[in-house]
Amino acid sequence: MQQFKHALALAVSIVTLSGSVSLAQQPPSAISGAQKLMAVPASKYPGRVFVLPATLETTQWGWFDDAELPRLVIDSGDTVVVETMSHSHGRLWPGATIEELKKLRTDWPGRGPMSLTGPIFVNGAEPGDSLRIKIQKIVPRSWAANFNIPGMFGEFPKDFPEGQVKYFYLDADRKVAEFAPGIEIPLRPFPGTLGVARAEPGRYNAVPPGPFAGNLDNRDLVEGTTLHVPVFVRGALVWTGDSHAAQGNGEINLTARETAFQEIVLTITVDKAIRLQWPRIETPTEWITMGFDEDLTKALVNVRSETAKLLAEQRNVSAEQAAALVSKTSDCRVTQVVDIKKGVHCITAKDQGKTLAGQLPTAETAEHLVTYAANGDMNKAMDTASWNMIELLQKQKALSRLDAYSFASMTMDCRVGEMDAPEKGVHCLIAKSLWVR
């Protein structure tokens, strides 16, 4: 292990002392022995392929710092098979009690719970560039957890002074996990946190997302998608962690179906042609724009601005025309309301002839349980709609109060309606198909 740390220090000294000369331009003898041993033969993926394991030496617990030593140095276009660790440097596992999980937060203030693997230094990445981080593959571990820290965090901390942790088996063959007998939630793994170093130097709590991406908690950032994120420091410095097996749009009790990944395979490419101010997600058929703020109403304003920029680029129209198109073309959803900075994301089709905006239900349908609220303050609309869903799950589906909170956090899909109206509507849906008997 001491040799590994020395090799890391050597790699970083080359990066920091060489000025504009990248590590890739150094003689082969300058590349650390540890890094050579992390390179593996794997021709199925682009570029050179490296394995970055999750150990106490390659992960940080709950913070980002642009002064942190890179754990791996790669070239643009290389692929990294990253392993991640469960919360609090692996202290979340089946058997850990809610009292123990609460103590990990109260005894370690000022940091998030997530364990982050990295950082990865990308040769050629400079401030002003963008990175394309394509998720090639995700393999979660066999278990996951959802928990409510008593009286702390989440959308309704004062209303849930009691805590609970539930553990689940992730059935990789059937791609589901049972919530309870007769209730199954499909697996939809994604990285809760994936991003780069922020522009400001120093150590920062990893909970709030930002222009650097980070703790996006965006359930649409799945296998096969690409995160486009602006670069703020030399080498970009890429981290990932906070691994999820499934999550609702809202994540109201603070946690998703929390797990760790045996592997998340990332191909990382420097893009010098596109300059972004905020991250975007690209799917094969759609673009996803994001907005954040401590106020959900302002987060919606921010994402509408980002979506208008995308539409102006995509359709070659004026800024005013693009702004008017957002509510007519894009499907906007409440990403999460629990990460200090709340999030809204909008999904826009690449096909300019296709609109994803549509009429959203305000009452139960054949396919969905539905709750709805409208308010000039989106925070209040979200609070009301999600609280009504918690109560509905108790009354109609006989879930306990804590189970209803947990289930909604992992499955509820809260969408934004009436974006142009003074009162913003929030429509929360849960698929009835989750009840298999």
Side-chain angles (χ1 to χ4, degrees), residues 3-40 45-60 63-84 115-135 191 193-204 206 211-214 227-241 264-272 279:
Q3 183 181 11
F4 179 71
K5 290 181 178 179
H6 175 74
L8 287 175
L10 172 61
V12 174
S13 67
I14 294 167
V15 169
T16 57
L17 294 177
S18 62
S20 62
V21 180
S22 75
L23 184 62
Q25 295 171 305
Q26 299 297 315
S29 60
I31 300 175
S32 75
Q35 171 144 329
K36 288 180 179 179
L37 292 173
M38 295 161 79
V40 296
Y45 294 121
R48 296 177 301 166
V49 178
F50 298 89
V51 172
L52 181 58
T55 70
L56 293 180
E57 285 72 31
T58 62
T59 60
Q60 296 88 54
W63 46 263
F64 298 112
D65 189 339
D66 65 359
E68 187 65 22
L69 297 179
R71 272 35 177 193
L72 180 65
V73 181
I74 68 170
D75 291 331
S76 174
D78 285 344
T79 299
V80 186
V81 181
V82 184
E83 183 183 34
T84 67
S115 303
L116 302 168
T117 308
I120 301 167
F121 186 101
V122 186
N123 280 319
E126 300 288 347
D129 296 340
S130 298
L131 281 192
R132 299 196 306 268
I133 307 176
K134 181 168 185 181
I135 302 176
T193 298
L194 177 62
V196 299
R198 54 194 295 165
E200 303 83 1
R203 182 167 293 189
Y204 290 91
F212 49 89
L227 176 66
H228 297 249
V229 60
V231 173
F232 297 98
V233 303
R234 186 164 178 267
L237 300 180
V238 178
W239 279 274
T240 189
I264 175 169
V265 182
L266 306 174
T267 298
I268 304 173
T269 306
V270 177
D271 189 338
K272 294 185 177 292

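Since this is a predicted model, take the numbers as computed values, not measurements.
- A distance-only check finds a donor-acceptor pair linking the side chain of Thr79 to the backbone of Pro46 [under 3.5 Å].
- A donor-acceptor pair is defined here as one N or O able to donate and one able to accept, closer than 3.5 Å; no such pair exists between the side chain of Glu68 and the backbone of Pro119.
- The OH atom of Tyr45 sits 10.5 Å away from atom CG of Leu266, with the distance rounded to the nearest 0.5 Å.
- Side chain of Asp271 to main chain of Ser130: no donor-acceptor pair is present (N/O by atom type, distance under 3.5 Å, no hydrogens or angles).
- For the atom pair CG of Leu227 and CG of Leu131, the computed distance is 8.5 Å after rounding to the nearest 0.5 Å.
- Taking each heavy atom of Pro191 and Thr240 in turn, the nearest pair found is CB-OG1, 3.6 Å.
- Rounding to the nearest 0.5 Å places CG of Asp75 at 5.0 Å from CG of Asn123.
- Scanning all heavy atoms of the two residues, the minimum distance from Gly124 to Asp129 falls at O-OD2, 3.4 Å.
- Rounding to the nearest 0.5 Å places CG of Leu194 at 12.0 Å from CH2 of Trp239.
- Nearest approach of Glu126 to Val231, heavy atoms of both residues: O-CG1, 3.4 Å.
- Contact annotation: the side chain of Val238 approaches that of Val196 to within less than 4.5 Å [non-hydrogen atoms, C-beta and beyond].
- In this structure, the side chains of Leu116 and Phe64 come closer than 4.5 Å at one or more pairs of heavy atoms.
- The two residues Pro201 and Asp66 make their nearest non-hydrogen contact at CA-OD2, 3.5 Å.
- In this structure, Arg203 and Trp63 approach most closely via the heavy-atom pair NH2-CH2, 3.3 Å.
- Here the CG-CD1 distance, from Leu52 to Ile120, works out to 5.5 Å after rounding to the nearest 0.5 Å.
- In this structure, Arg198 forms a cation-pi arrangement with Tyr204, its terminal cationic atom sitting closer than 6.0 Å to the ring centre and no more than 45° off the ring axis.
- Considering all non-hydrogen atoms of both residues, Leu237 and Pro70 come closest at CD2-CG, 4.3 Å.
- Once rounded to the nearest 0.5 Å, the distance linking CD of Gln60 with OG1 of Thr117 reads 8.5 Å.
- In this structure, the side chains of Glu57 and Arg71 stay at 4.5 Å or more apart for every pair of heavy atoms.
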